[in-house]
Amino acid sequence: MPKSRIRKKDDFTPPPAKQATNISFASGRSWVAPLMLALFLIGLAWIVVFYVTTGDLPLKSIGNWNIVVGFGFIAAGFVVSTQWK
């Protein structure tokens with residue numbers, strides 16, 4: 001029976017070293033976290049003030065729509081949070 005041909009293996013070459021990437025915290029999105037938290041807190045405060053004052057504040061003329069306004073601020077905070085990296 002004939003012998004199979006033996007293939008010469010290439011010498012091992014290690015993969016190139018990866019260069020460390022600098023993470024910049026001031027990458028242009030430093031406004032996202034403070035704005036997101038501010039919107040959350042404004043929305044929460046709006047709803048709490050509405051309930052504590054039994055509807056007299058923040059805007060008495062819109063009545064129960066104050067709850068929607070508060071949740072609107074909170075929803076805007078979630079929308080802004082999608083920009084956070």
Side-chain angles (χ1 to χ4, degrees):
M1 193 172 240
K3 285 187 174 182
S4 63
R5 207 176 343 159
I6 299 174
R7 296 184 199 146
K8 182 182 176 193
K9 293 184 178 181
D10 293 334
D11 292 335
F12 175 73
T13 53
K18 294 183 180 179
Q19 294 179 349
T21 57
N22 293 336
I23 299 174
S24 175
F25 290 107
S27 64
R29 298 198 188 234
S30 59
W31 54 271
V32 174
L35 179 61
M36 176 186 65
L37 292 174
L39 289 171
F40 286 156
L41 292 175
I42 290 170
L44 180 65
W46 193 287
I47 294 170
V48 168
V49 167
F50 175 71
Y51 276 117
V52 169
T53 61
T54 62
D56 291 337
L57 290 174
L59 297 174
K60 187 175 184 175
S61 61
I62 63 174
N64 286 335
W65 283 98
N66 280 303
I67 299 170
V68 176
V69 172
F71 278 115
F73 278 112
I74 294 171
F78 279 113
V79 169
V80 170
S81 72
T82 62
Q83 300 299 315
W84 194 9
K85 286 189 178 185

For the [atom1] atom of [X] and the [atom2] atom of [Y], what is their distance to the nearest 0.5 Å?
| X | Y | atom1 | atom2 | result |
| --- | --- | --- | --- | --- |
| I42 | L37 | CD1 | CG | 11.0 Å |
| W65 | L59 | CH2 | CG | 14.0 Å |
| N66 | S61 | CG | OG | 8.0 Å |

Pairing residues for [X] by the side-chain contact (heavy atoms from CB on, under 4.5 Å) criterion, not counting sequence neighbours:
| X | result |
| --- | --- |
| D56 | T53, T54, K60 |
| V32 | R29, V80, Q83, W84 |
| I67 | F50, Y51, F71 |

Linked, directly or transitively: [X] and [Y] (ILVMFWY side chains, under 4.5 Å):
| X | Y | value |
| --- | --- | --- |
| V68 | L39 | yes |
| V69 | F40 | yes |
| W31 | F78 | yes |

What heavy-atom pair brings S81 and M36 nearest, and what distance separates the two atoms?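 Smallest interatomic distance, heavy atoms only, reads CB-SD, 3.1 Å.
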Closest non-hydrogen atom pair between I74 and G43, with its separation: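 Closest pair (atom of I74, atom of G43, distance): CG1-CA, 3.9 Å.
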